[in-house]
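Report on the following structure.
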2 protein chains.
Amino acid sequence: MFSQSEENYIKTIYHLETISNKGISTNAIAKKLETKASSVSDMIKKLSEKELVVYKKYQGVKLTPFGKKNAANIVRKHRLWEVFLVDKLNFSWDEVHEVAEQLEHIKSPKLINQLDALLGFPTHDPHGDPIPDKDGNLNVIDKILLSSLLKTETGVCVGVDDSSSEFLQFLDKKGITLGKKIKVLEKEDYDDSLTITIENQKLSISNKIANNIYIKKL
Amino acid sequence: MFSQSEENYIKTIYHLETISNKGISTNAIAKKLETKASSVSDMIKKLSEKELVVYKKYQGVKLTPFGKKNAANIVRKHRLWEVFLVDKLNFSWDEVHEVAEQLEHIKSPKLINQLDALLGFPTHDPHGDPIPDKDGNLNVIDKILLSSLLKTETGVCVGVDDSSSEFLQFLDKKGITLGKKIKVLEKEDYDDSLTITIENQKLSISNKIANNIYIKKL
DNA sequence: AATAATTTTTAGACAAGTCTAAAAATTATT
DNA sequence: AATAATTTTTAGACTTGTCTAAAAATTATT
């Protein structure tokens, strides 16, 4: 088994790989984990010895299939726990992350399988992110950023790119939650801000906001 | 906040205090935690600095009120998680301990309060042990060992002293579970073994078994 | 292509928690 | 009360994971 620290590293590499699919740099990992490049360098050596990553000096890092499977399992646990917290314990979507960061390290396959069943085998977490299955495969839907919707187009909110509680609370305040239908009424050339309708309400949102909301086009 | 290791130490001291109410010896802690006396000695110094225990060299250790409150909270979390595992995730009573050992260290007051509510504010865990309330108080019922029941007396099984999975599986095999009514038909002077009836079944059990089952007299 | 800027690695240190071996204190035994 | 046995503590070492500071390698710039 792997330590919590090791798990956090491979999870981070996993997330970075979904964005860049190049070798992941020491600095990128350090930034995400809010640690120092020297610490990352040390840890990478260890992960490499444990066959979780492939590593050549000065060339960044890639998860092995074994590493990827392990990382996906941690993400699976994280997201299942988030569903549990929201569906069963009445947490709101902006409160779940820190607790799930702890719960994802609990080691018990039976616990996770039973939790999965208790929750009705959910496919997505409360932020719309897909939950990897037992083999680490995940069902990615073709979502786009709200900011890429054109005037008069319509879509359903299916996820967020920023899961910080500040952003999520802002969305709550505006009534923007998963599953809501959104139509773009106007798009300002000057600042790329949008005027949208959601639940028969007219709303103006900045490009920064629209860049953090995922939409499934209708 | 305290480390997992610190939490394990104060939890262990808490348990030992419920048995002996004398100062808890370094060796007793080492034995329970399966570690070395020298490690315990080091840790005790740290716990003492953090005001969790009162400690004088060579005189064992006692929890302060602050330490006791913290320890009770860990026990509360452990036992609530055990109830969750059995009631919601279909674990059997012999499978819950190791997982609860991990879950008890998760830090989130909201999580525990909501879990408590989800479970219907249980007062006892799957082994019959009482669950401390938020203030660390616990509702102790006057249970006795099955071995102290006299011939012809009757009681209800309300707990076990040994929560090892071997023992619990043995009890399952014999049909002895919490809530079952037990009557003592015979008590052998020679080896203190008992003949009992449980669910209209006649059963013979050794003194060692009877010494690990708690009964509420009827 | 040489220099500058950046990234990455190494070297050495530190904290937490553990261990072994030995010393010190306490308790039990004769 | 002196010696033996046990318990507890200390001293020093080791591991994991982190850090700072400096060196080495890579990449960018002139």
Side-chain angles (χ1 to χ4, degrees), chain A residues 1-14 16-17 19-63 67 70-71 74 101-102 104-107, chain B residues 1-13 16-17 19-63 67 70-71 74 101-102 104-105 107:
Chain A
M1 276 313 112
F2 306 111
S3 72
Q4 292 208 181
S5 193
E6 289 167 338
E7 290 192 343
N8 285 333
Y9 273 91
I10 59 174
K11 187 185 58 163
T12 299
I13 297 166
Y14 178 88
L16 290 170
E17 281 188 355
I19 306 169
S20 81
N21 62 69
K22 308 272 165 195
I24 306 303
S25 75
T26 303
N27 258 1
I29 298 168
K31 196 174 175 187
K32 259 256 179 168
L33 283 173
E34 295 179 300
T35 183
K36 302 295 166 184
S38 56
S39 307
V40 175
S41 198
D42 286 346
M43 180 59 94
I44 281 174
K45 269 177 233 155
K46 209 197 309 180
L47 298 179
S48 178
E49 278 161 24
K50 296 191 176 184
E51 317 257 272
L52 289 162
V53 300
V54 173
Y55 161 69
K56 276 184 190 156
K57 273 188 193 173
Y58 295 97
Q59 284 175 236
V61 101
K62 273 198 177 196
L63 288 172
N70 274 278
I74 299 162
E101 285 289 294
Q102 298 178 60
E104 72 189 3
H105 300 295
I106 302 294
K107 269 117 184 139
Chain B
M1 274 313 113
F2 307 109
S3 71
Q4 293 208 181
S5 192
E6 290 167 338
E7 289 193 344
N8 284 334
Y9 273 92
I10 58 175
K11 187 185 58 163
T12 298
I13 297 166
L16 291 170
E17 281 188 354
I19 305 168
S20 82
N21 62 67
K22 309 272 166 197
I24 306 303
S25 75
T26 303
N27 258 2
I29 298 168
K31 196 174 176 186
K32 259 257 181 167
L33 282 174
E34 295 179 298
T35 184
K36 302 295 167 184
S38 55
S39 308
V40 176
S41 197
D42 286 346
M43 179 59 94
I44 281 173
K45 269 177 234 155
K46 209 197 310 179
L47 298 179
S48 178
E49 277 159 26
K50 297 191 176 186
E51 318 258 271
L52 289 161
V53 300
V54 173
Y55 162 70
K56 278 185 188 154
K57 274 189 193 172
Y58 295 96
Q59 284 175 234
V61 101
K62 272 197 179 199
L63 289 171
N70 274 278
I74 299 162
E101 285 289 294
Q102 299 178 60
E104 71 188 4
H105 300 294
K107 269 115 184 144

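Basis for what follows: all heavy atoms, side chains included, without hydrogens, waters or symmetry-related copies. It should be emphasised that the depicted structure is a prediction, and the values quoted were computed from it without experimental measurement. Quick note on labels: first sequence line is chain A, next is B, and so on, each numbered from 1.
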> Base, sugar-phosphate, or nothing: which does A:K45 touch, judged by heavy atoms less than 4.0 Å apart?
Replying inline: sugar-phosphate

Rounded to whole angstrom units, what separation is found between the [atom1] atom of [X] and the [atom2] atom of [N]?
X: A:L47; N: C:dT9; atom1: CG; atom2: C1'; answer: 16 Å
X: B:E7; N: C:dA16; atom1: CD; atom2: C1'; answer: 15 Å
X: B:N8; N: C:dA16; atom1: CG; atom2: C1'; answer: 14 Å
X: A:M43; N: D:dC19; atom1: CE; atom2: C1'; answer: 14 Å
X: B:K56; N: D:dT9; atom1: NZ; atom2: C1'; answer: 18 Å
X: A:I29; N: C:dT9; atom1: CD1; atom2: C1'; answer: 14 Å
X: B:Q59; N: D:dT8; atom1: CD; atom2: P; answer: 11 Å
X: A:I24; N: C:dT7; atom1: CD1; atom2: P; answer: 15 Å

All N/O pairs under 3.5 Å across the protein-nucleotides 23-28 of chain C interface:
unit_1, atom_1, unit_2, atom_2, d
C:dA25, O4', B:Y58, OH, 3.3

[X] atom [atom1]: more than 12 heavy-atom contacts under 6.0 Å:
X: B:E51; atom1: CD; result: no
X: B:K36; atom1: NZ; result: no
X: B:K22; atom1: NZ; result: no

For [N], give the paired nucleotide (Watson-Crick: N1-N3 plus N6-O4 or O6-N4; G-U: N1-O2 and O6-N3; both under 3.5 Å), or none.
N: D:dA24; answer: C:dT7
N: C:dT30; answer: D:dA1
N: D:dT18; answer: C:dA13

Protein-nucleotides 19-22 of chain C N/O pairs closer than 3.5 Å?
unit_1, atom_1, unit_2, atom_2, d
C:dC19, OP2, B:T35, OG1, 2.5
C:dC19, OP2, B:K36, N, 3.2
C:dC19, OP2, B:S39, OG, 2.7
C:dT20, O4, B:S38, OG, 3.0

Heavy-atom distance under 4.5 Å between the side chains of [X] and [Y], does that happen here?
X: B:L47; Y: B:V61; result: no
X: B:M43; Y: B:V40; result: no
X: A:E104; Y: A:E7; result: no
X: A:I29; Y: A:I44; result: yes
X: A:Y55; Y: A:T26; result: no

>> Using a 3.5 Å distance criterion without hydrogens, assess whether the side chain of B:T12 forms a donor-acceptor pair with backbone atoms of B:N8.
In response: yes

> Is a donor on one side and an acceptor on the other found under 3.5 Å between the side chain of B:K107 and the backbone of B:F2?
Replying inline: yes

Using a cut-off of less than 4.0 Å, is there contact between a side-chain N or O of [X] and OP1 or OP2 of [N]?
X: B:Y55; N: D:dT9; answer: yes
X: A:S5; N: D:dT18; answer: yes
X: A:S3; N: D:dT16; answer: no

> A:S25 side chain: which of C:dT8, C:dT10, D:dT8 is closest?
Replying inline: C:dT8

> Among D:dT8, C:dT18, C:dT9, which is the nearest nucleotide to the side chain of B:N27?
Replying inline: D:dT8

